[in-house]
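Let me begin by presenting the structure, written as structure tokens, before commenting on it.
Chain letters run A, B, ... following the sequence lines, proteins first, then strands; residues in each count from 1. Remember, it's a predicted structure, so these values are computed and weren't measured experimentally.
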Amino acid sequence: MPKQPKSAISPTRQEDYPEWYQQVIKASDLAEASDVRGCMVIKPWGYALWENIQRALDRMFKDTGHENAYFPLFIPMSYLEKAAEHVEGFAKECAVVTHHRLEPGADGGLVPAGPLEEPLIVRPTSETIIGATYARWVQSYRDLPILLNQWANVVRWEMRTRMFLRTTEFLWQEGHTVHATQEEAVEETLRMLDVYADFAESYMAMPVIKGEKTAGERFPGAINTYSIEAMMQDRKGLQSGTSHFLGQNFARAQEIKFQDQNGQEVYAWTTSWGVSTRLIGGLIMTHGDDDGLILPPRLAPAHAVILPIYRNDQERGEVLEYCNRLKQQIEAEQFHAEPVRVKLDDRDMRGGEKSWRHIKRGVPLRLEIGPRDVGSDSVFLGRRDQPVKQKSGVPREQFVATVAEVLDEIQNNLFDRALQLRESNTCRIDAPAEFEAYFTPKNEEKPEIHGGFALCHFNDTPEMDEKLKKLKVTVRCVPLGGQDEPGRCIFTGRPSHRRGVFAKAY
RNA sequence: CGGGGCGUGGCGCAGUCUGGCUAGCGCACCUGCUUUGGGAGCAGGGGGUCGGAGGUUCGAAUCCUCUCGCCCCGACCA
């Protein structure tokens, strides 16, 4: 008898959600903590997932007219100073490079030497360095628009870190565009927000709300910040991508100007937008269950894993031959215009343990192949979106012919499940007392999973901020596309014409 | 930066209060045998000098001083 608990991950989501999250990352081989404060090692399985995210997004960026480029990791401090004059609320949590050499120290260690004349900042984001470059590139309206993206790492010296959700160093992409007119820049901002939402829903199977940030949540220096917001299984919100309309603020700070068709010198309009490895955190918390990770097929590094079962060398030969043939047949099938990705795991270890490993890693399909299946020319199929024990035999030919459909079915199931969670935990609230009750856990000591998304009328005032801070609730966004609706601010009673999404958030 | 906690084989821990037998245990790892449609059993084995420095002592993982690092709560979060 196995001595294992009923679920592969302990504690369960219900028992301790944050700890469950950590355990899933460990059990699924996505990443691990490193010796460097706040920095993680992304393991091959996690990185393959990131590569799939990159690939899909990159294609979407190219399809919307963008090109990739690469800008320096280091930013002269003066660039940030210049921006700080124009932009309030610039963060200071940065890694600062002050020396360029190491020398032997007195106690056998090394000491920094060769101080830099001007300190360099490890980029926390690249508006300033890219803007400085754009200032040189942009002379005429004929130089516009500039539509660039870069895949890069950035560093933000955050006080508290959580794997994937907030690490000191993280991987992301940042798009930076320059336009001749406000209309074009606004259009670009919203276009990329749409790209993010489409990616989140189509690839990640993670439903999101597109919306505009309130002033307090806005990117410093931006005129408008838009985001996509998702609900995790603990009913907290996760900002999963942002798109900023920067107006002419950065252009003014960095002298990005050009002569328009009338010969007038005018400032350009800029945007920036980004998503990061945080998406992986969102993926884990949207789909994962008490047995570990569940990967949406469109992003899974492996769609299926073949697990051969045999007792002796003769069986081994027969089973492996069948498995290899099966693998080739599956790989010949297409899933969303790409070959189906299948792995054959014939490592010499016990079947149960091996099978569980792939369950924890979230592989959508498990194909267990033993002599019996070889004999009946079938596969024994387990789906990650279904209970572990719910497995069944399927004729081989039928399986191969329908593998793409099954993957799509899983993809859609995951999305529907997530959407249902969000919908059943979203409500309109118009009474202050109800609002407070909604966001107050019954057990203050060890808060249970509670709350959700509350749609409320509001005025963006200090009174609200104070109230929200006490409850640890934030305005996630004001959803786009909704209709105006007269009402009264739940905090002040003043007239309001739109509802915002309120939630606890990561 | 405030409050709390912790650093002992790869991981998780016991031992520390009340210094003293070769520093233990579980998991993982290696070997062998038996098992094999499900996270195996038995036997054997490798690996640590107890975060670091200094001190007290016949003797320190255990006591004292200093120091480094990490975790949790708060502040912070481009």
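- Here the separation of B/G24 from B/C50, taken at their P atoms, is 15 Å to the nearest Å.
- The separation of B/G26 from B/C21, taken at their C1' atoms, amounts to 24 Å, rounded to a whole angstrom.
- Contact annotation for A/Y310: no contact, since no heavy-atom pair falls under 4.0 Å across all strands.
- Aromatic rings of A/Y438 and A/F502 (six-membered ring for Trp) have centroids beyond the 6.0 Å cut-off, not under it.
- Taking atom CZ of A/R316 as the reference point, atom P of B/U36 lies 18 Å away to the nearest angstrom.
- Relative to the side chain of A/K469, the nucleotides B/C76, B/G37, B/G39 differ in distance, and B/C76 lies closest.
- Contact annotation for A/R372: base contact, defined as any heavy-atom pair under 4.0 Å involving a base atom.
- Here, B/C77 and B/G69 have their P atoms 24 Å apart, quoted to the whole Å.
- For B/A60 and B/G19, the C1' atoms lie 6 Å apart once the distance is rounded to whole Å.
- When Watson-Crick and G-U wobble pairs are counted only if both distances are under 3.5 Å, B/A75 pairs with no nucleotide at all.
- One interatomic measurement links the two molecules: OH of A/Y322 to P of B/G37, which rounds to 19 Å at whole-angstrom precision.
- B/U36 is unpaired under the criterion used here, namely a Watson-Crick or G-U wobble arrangement in which both key atom distances are under 3.5 Å.
- For the pair A/L165 CG and B/C77 C1', the interatomic distance rounds to 13 Å; values are reported in whole Å.
- Using a 4.0 Å cut-off between charged side-chain N and carboxylate O, A/D29 and A/R357 make a salt bridge.
- Across all strands shown, B/C68 is found opposite B/G7 as a Watson-Crick or G-U wobble partner, with both distances under 3.5 Å.
- Between B/G74 and A/K472, a contact under 4.0 Å exists linking OP1 or OP2 to a side-chain N or O.
- Of the C1' atoms belonging to B/C66 and B/C30, the separation is 42 Å, rounded to the nearest Å.
- Picking from B/A40, B/G37, B/G39 the nucleotide with the shortest atom distance to the side chain of A/K360 gives B/G39.
- Look at CD on A/E32: it is 16 Å from C1' on B/C70, rounded to the nearest Å.
- Between the CE atom of A/M40 and the P atom of B/C70 there is a distance of 17 Å, rounded to whole Å.
- The base of B/U35 is not paired with the side chain of A/R311 by any donor and acceptor separated by under 3.5 Å.
- Across the interface with RNA chain B, nearest-nucleotide mapping of A/E217 and A/W356 shows A/W356 to be the residue nearer the 5′ end.
- Across all strands shown, B/C30 is found opposite B/G44 as a Watson-Crick or G-U wobble partner, with both distances under 3.5 Å.
- Residue A/E353 contributes atom CD, which lies 7 Å from atom P of B/C29 at whole-angstrom precision.
- Within the 4.0 Å cut-off from OP1 or OP2 of B/C77, not a single side-chain nitrogen or oxygen of A/R166 is found.
- Atom name C1', nucleotides B/G47 and B/C27: the rounded distance is 15 Å, in whole Å.
- If you check B/C77, B/G39, B/G37 against the side chain of A/E158, the one that comes closest is B/C77.
- A/S355 comes within contact range of no nucleotide atom at all, as no heavy-atom separation falls under 4.0 Å.
- Pair assignment for B/C63: B/G55, on the basis of Watson-Crick or G-U wobble contacts that are both within less than 3.5 Å.
- There is a side-chain donor-acceptor pair under 3.5 Å between A/T225 and A/H244.
- Using N1 to N3 plus N6-O4 or O6-N4 for Watson-Crick, or N1-O2 and O6-N3 for G-U wobble, each under 3.5 Å, B/U22 pairs with nothing.
- For the pair A/K391 and A/F380, the NZ or CZ position fails the cation-pi test of under 6.0 Å to the six-membered ring centre and within 45 degrees of the ring normal.
- In this structure, A/R191 pairs ionically with A/E187, as a charged nitrogen and a carboxylate oxygen lie closer than 4.0 Å.
- Taking the side chain of A/K26 as heavy atoms from C-beta on, and the options B/C11, B/C77, B/G39, the nearest nucleotide is B/C11.
- Note on A/R13 versus A/D289: no salt bridge recorded, every NZ/NE/NH1/NH2 to OD/OE distance being 4.0 Å or above.
- With 3.5 Å as the limit, one finds no donor-acceptor pair spanning the side chains of A/E217 and A/T474.
- Taking atom P in both B/G10 and B/C29, the straight-line distance is 15 Å, to the nearest Å.
- Nucleic acid contact class of A/K391 (heavy atoms, under 4.0 Å, all strands): base.
- Rounded to whole Å, atom P of B/C29 lies 12 Å from atom CG of A/D348.
- Rounded to whole Å, the C1' atom of B/G74 lies 43 Å from the corresponding atom of B/U57.
- Remark: C1' of B/U36 and CD1 of A/I309 are 10 Å apart, rounded to the nearest angstrom.
- A/V178 approaches A/A268 most closely through the heavy-atom pair CG1-CB, 3.4 Å.
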